[in-house]
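Throughout, a chain's letter reflects where its sequence line sits, starting with A, and its residues are numbered from 1. Note: hydrogens, waters and symmetry copies are ignored here, and every other heavy atom, side chains too, is used.
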Amino acid sequence: MARVRRLTRYFNPKEYEPKIIEFWDSHKIYEKLRMSRKGRKRFHFLDGPPYPSSDMPHPGTVWNKIIKDVIIRFKRGEGYDVLDKPGWDTHGLPIEVMTEKALGFSSKKEIEVFGIDKFVLKCKELATKNLRSMTRYFKEFAVSMDWENPYLTYENRYIESAWWGVKEIWKQGRLYEGERPVHWCPRCETVLSDYEVSENYKDMMDPSIFVKFKVLGSENEYLLIWTTTPWTLPANVAVMVHPDEDYVKVRLGDDILILAKKRLENVMNEASIEDYEVIEEFKGREIGGLRYEHPLEDIVRVQRELREVHRVVLSDKYVTMEEGSGCVHTAPGHGKEDFEIGELYNLPVISPVDERGRFTEEAGKYSGLQVREANSVIIEDLREKGALLYEGTIIHKYPVCWRCDTPLIIRTTNQWFVKLTDLREKMLEESGKVKWVPRWGGERRFRDWLLGLEDWIISRQRYWGIPLPVWKCEECGREEVIGSSKEIEEKSGVKLEDLHRPWVDEVTWKCEKCGGIMRRVPDIMDVWYDSGSSFFASLGYPHDNSDAFNELFPVNFITEGHDQVRGWFFSLLRMGTLLFRRAPYESVLMHGFMLDEKGKEMHKRLGNYVPPPEIVEKSGRDTYRVFVLTKVPWQDLRFSWRGLEETSRKLSVIWNVYVFATTYLRDREIGPLPPLEELDPVNKWILSRLNSMMRDVRAALNEYQLHTATTEVLKFFIEDLSHLYLRVARKKLRSRDSKVSDQWSRVLYHVLREALPYLSIFAPLMSEKIYLDSFKQEDDPESVNFLLLGQVRQEYISSYLEEMMNIIREIVSASGFARSSVGMRKRQPLREILIVTQDEDVIKAVNTLTDVLLTEANVRCVRIGEEPIRGKWAEAEFSRGKLYLSLEMGDKELLGGMARELTRRIQQMRKELGLTIGVERINIYLQGDEFVRRAVEMFYDDIAWDSDADVIKFVVSEEEVPENSFGKEWKIDDRRVSIWIKKVV
RNA sequence: GGGCCCGUGGCUCAGACUGGUCAGAGCGCCCGGCUGAUAACCGGGAGGUCGGGGGUUCGAGUCCCCCCGGGCCCA
């Protein structure tokens with residue numbers, strides 16, 4: 001036997017939400033939950049680690065965590081032991097830059113003077129502070145993850161796992177050192193990955209110049225090249241032309257210029273030259289190998305050594321007819337395409353620029369100048385030498401550093417690479433095995449991305465990151481890669497407390513081969529290495545948790561925003577393929593971005609950012625959850641205060657469903673669900689709906705269709721329970737036949753109790769409040785979080801019955817239309833509804849669900865028959881027929897209407913006195929005219945029953961009414977009625 | 001320059017994978033109603049050439065192509 005307690009009437013999340021969170025905390029609900037699921041089947045979820053760059057998460061990050069929480073709660077409800085360890089991506093440049101700013105630094109030198117050790121500790125402190133603070137907000141939104149045991153990429157155990165991976169990669173022969181042109185930030189003095197570069201392009205004004213390179217041995221013939229980066233001219237080694245395009249020789253004064261035919265007009269227009277003459281035309285390939293003199297060779301030292309090199313090379317890939325002159329200045333030290341062509345033609349790589357973006361001595365006269373500042377000097381020199389045809393300016397998108405906005409340069413440096421290109425096919429194959437939601441998220445976006453796969457630069461020239469575990473012998477250059485701190489200890493005898501720089505830098509040992517000193521290369525690793533390793537490093541694999549990993553790999557589910565297709569989804573796949581020859585995850589949900597109310601990206605610096613505490617304060621936690629969950633997850637989501645307001649109202653309806661039900665159910669002994677065949681059709685119907693809702697929610701969540709699942713639950717509560725079932729149940733629960741009221745209370749209790757764990761996936765705080773205050777039985781678990789999702793009972797589901805109810809809904813709605821068309825109010829009971837139809841289903845529906853139709857249409861009987869010939873009727877059509885409402889009214893209808901009016905007013909008075917339904921009884925005293933008197937006479941029993949009255953008595957004067965009665969004057973239509981009620985003691 | 005997504009009544013969005021009761025919901029608006037859920041609730045109505053144009057088809061928000069607008073990713 002179950003009992004429910006009355007739920008407080010007002011939906012007041014502001015009041016109870018913090019208390020529920022406090023309750024979960026103080027009662028260690030999460031910890032107990034973990035324990036309770038021990039030994040069950042595992043579900044492996046992996047948290048994409050957010051970057052703790054602020055003390056407060058972006059509302060979009062909260063959305064991200066809510067999505068994760070829904071899947072976690074769902075799987076837990078299905079009975080799984082869910083791995084729900086949150087992660088934090090703690091290393092990297094943003095934290096370094098913030099720390100630098102806090103310390104007032106602007107260069108690496110200042111950091112080294114300050115002390116790398118102190119600097120790194122500051123970075124760690126900042127990351128730790130931020131992640132702790134952000135955790136608070138995630139908990140606020142009821143995200144139930146293992147907050148006490150997160151994985152942190154800066155922890156030694158994590159770093160060791162990452163090192164193990166590097167060593168494996170090295171053993172495969174994939175780790176190599178090489179010189180490459182890379183994007184470089186001259187302020188941060190480090191390489192940036194392509195991914196980091198793509199973060200930020202800015203419009204920038206640069207010179208746009210056409211330069212003449214004199215053809216060797218000729219008197220006056222020149223190759224005309226175009227560039228927007230004059231500072232790369234000192235590193236020029238060749239000129240590219242397109243083999244299949246037409247080129248021309250043009251006479252221009254005393255000079256003859258060589259350029260592409262298709263570009264001729266544009267170039268001459270831009271340089272405002274009108275007087276020129278085409279004297280020869282040929283294919284680009286014909287000038288392949290043509291040698292030229294560099295105009296700056298007497299100024300730039302290194303150019304003098306290149307006299308034998310300068311020549312025309314061919315490329316159909318990188319020469320465009322869209323811009324420039326068709327003769328492309330090629331500097332393999334300062335461009336990726338240039339480098340590729342350089343390799344093809346075996347050209348030298350020149351890069352006379354240092355890490356701070358200044359020319360080196362190789363650049364002769366320009367030595368010491370910042371490259372961008374050198375532009376104007378170089379242009380002047382070209383002009384002086386007569387090598388400048390034209391100088392203009394151009395505004396174009398130019399990459400800047402994503403952290404400090406400094407324009408990037410491309411320079412050739414020594415970096416560490418992981419060979420990947422031979423894995424492209426395998427990665428494509430593996431990504432094809434992944435279940436992507438939505439499908440286009442992976443199938444198209446990801447494939448395109450993988451097709452452009454290149455080797456991976458994993459080294460960074462910074463401080464706060466996982467040190468690259470490569471030691472090199474100073475004497476013989478032999479390399480060793482270290483896979484754990486134990487190995488370091490074995491080799492050097494040093495036991496490191498902290499594996500970061502600078503402590504790890506100090507560890508050296510003797511080279512086994514030559515006895516030289518083995519010293520670590522000073523680089524740290526790309527942060528994408530960190531987060532890409534999370535699928536094994538978060539479990540401490542292989543050092544302290546091989547079993548867990550072996551049991552859990554691969555990850556069942558991950559979800560992040562669409563920016564992570566090329567970010568984390570990719571880096572996980574890369575690490576998985578490198579180390580385990582497979583995708584490390586099975587299914588991926590790609591979600592959208594949180595935009596502001598106008599559809600623009602939401603950013604702190606744009607001032608359109610909504611802080612999560614404001615959402616908590618103004619709308620509530622469950623409200624925000626349900627708001628974001630009803631939206632299609634993979635689309636960008638517009639934040640909307642109004643949307644939150646609407647959501648809140650929906651939740652209050654659900655709350656009211658429970659309030660209403662508990663009003664009737666409280667203090668009643670409620671037995672188990674009666675057998676199906678004994679049930680009223682309406683009860684059969686609601687049980688069918690309950691089970692089909694459960695079935696649909698489970699199916700939707702298993703497909704990661706969160707919005708469908710959320711909508712199903714809302715629909716069930718609002719449309720089925722609130723709008724329909726409860727309206728019928730209200731009368732049945734107060735039935736004089738205790739068998740009836742007993743059946744309905746059992747069904748109602750069962751339905752609400754079964755629905756609660758489903759509701760709790762989406763609105764856990766509200767569900768907990770309802771559970772604790774009202775539904776929890778003595779031997780029930782102490783929190784709603786422990787409840788398993790009830791099994792779907794197929795035998796309860798009748799799509800036929802559900803279809804029947806839909807027909808009834810349509811008829812009721814049409815009868816409302818019929819009434820309103822003749823101005824008949826719904827409160828007035830009518831004699832009969834006549835339904836004219838040929839449809840068998842309509843007839844069955846009407847016969848099966850008669851009660852609903854009678855109650856909802858407020859008629860005394862229903863008849864199926866022919867169109868009426870005589871009498872007064874209101875009519876309306878519905879999709880499968882026509883209906884007529886009888887407008888003929890006798891005493892029974894008229895007096896019945898009055899009885900209802902009286903009852904309603906008496907009820908309201910009872911409520912004002914705070915009397916309890918079905919418990920506290922009253923006596924009623926009335927004054928009114930003959931019509932009122934007759935209504936009471938005819939419906940005496942109904943009024944008395946409905947209002948829990950012992951006596952209803954007409955009085956002539958107020959003196960007959962007992963003392964201390966509660967009295968009120970009413971006007972019903974045009975009649976005056978006085979009502980007094982007095983509680984029976 | 002390339003790729004992907006989005007563009008549905010005043011607002012916010014479902015529906016598109018699998019063409020044919022798919023032209024829907026909520027809010028807002030207008031009208032009416034209910035009443036022991038009440039700073040709620042219910043019903044009805046008005047309102048959309050489903051961004052524009054072309055194509056495939058007996059039939060297209062739904063598939064294809066082009067264009068316009070917005071967003072994201074990559075160059």
Under 3.5 Å side-chain donor-acceptor pair for A/Asn64 and A/Glu560: yes

Value in whole Å for how far the P atom of B/G33 lies from CZ of A/Arg904: 11 Å

Nucleotide paired to B/C4 in any strand shown, Watson-Crick or G-U, under 3.5 Å: B/G71

Pair A/His562 + A/Trp634: ring centers closer than 6.0 Å: no

C1' atoms of B/U62 and B/U8, separation to the nearest Å: 12 Å

Donor-acceptor pair between A/Ser741 and A/Arg734 side chains, under 3.5 angstrom: no

Closest-nucleotide 5' rank along RNA chain B - winner of A/Ser640 and A/Asp948: A/Ser640

Spacing of the C1' atoms in B/C68 and B/C27 (rounded, Å): 30 Å

Residue pairs involving residues 809-819 of chain A (criterion side chain to side chain donor-acceptor pair (under 3.5 Å); sequence neighbours excluded): A/Asp720-A/Arg809, A/Glu810-A/Ser879

Check: A/Trp655 ring centroid to A/Tyr16 ring centroid under 6.0 Å: yes

B/A23 to B/C65 separation - P atoms, rounded to the nearest Å: 26 Å

Pairwise 5' ranking along RNA chain B for A/Glu337 and A/Glu901, keeping only the more 5' one: A/Glu901

Touch class at under 4.0 angstrom, heavy-atom based, for A/Arg905 against every strand present: nothing

NZ/NE/NH1/NH2 to OD/OE distance under 4.0 Å, A/Glu712 and A/Lys715: yes

Short side-chain donor-acceptor distance under 3.5 Å, A/Thr232 and A/Thr229: yes

Sugar-phosphate only, base, or nothing, as touched by A/Thr320 at under 4.0 Å among non-hydrogen atoms: nothing

Whole-Å distance separating the CG atom of A/Leu830 from the P atom of B/C34: 12 Å

Reading 5' to 3' through nucleotides 14-31 of chain B, protein heavy-atom contacts under 4.0 Å coded B for base, S for sugar-phosphate only, - for none: SS-S--------SBS---

Interatomic distance, A/Arg566 CZ vs B/C4 P [rounded to whole Å]: 11 Å

Watson-Crick or G-U wobble mate for B/G43, both contacts under 3.5 Å: B/C31

Rounded distance in Å between the P positions of B/G24 and B/G32: 26 Å

Separation of B/C41 C1' from A/Phe717 CZ (nearest whole Å): 17 Å

Rounded distance in Å between the P positions of B/A46 and B/C31: 15 Å

Whole-Å distance separating the CG atom of A/Leu726 from the C1' atom of B/C34: 15 Å

Protein-nucleotide distance (A/Trp655, atom CH2; B/U38, atom P), rounded to Å: 12 Å

Pairing partner (Watson-Crick or G-U wobble, both distances under 3.5 angstrom) of B/G26: B/C11

Rounded distance in Å - CE (A/Met590) to P (B/C4): 13 Å

Interatomic distance at C1', B/G19 relative to B/U56, whole Å: 11 Å

B/G54 glycosidic torsion: syn (within 90° of 0) vs anti: anti

Polar side-chain atom of A/Tyr609 near backbone of A/Asp596 as donor-acceptor pair, under 3.5 Å: no

Shortest non-hydrogen separation from A/Pro633 to A/Tyr704 and the atoms involved: CG-O, 4.4 Å

Distance test, side-chain N/O of A/Arg638 to OP1/OP2 of B/C13, below 4.0 Å: yes

Separation of the P atoms in B/G55 and B/A60, to the nearest angstrom: 12 Å

Nearest-Å distance once atom C1' is located in both B/C13 and B/G48: 14 Å

Pairing nucleotide - B/G48, Watson-Crick or G-U, each distance under 3.5 Å: none

Whole-Å gap separating C1' (B/C41) and CG (A/Asn656): 9 Å

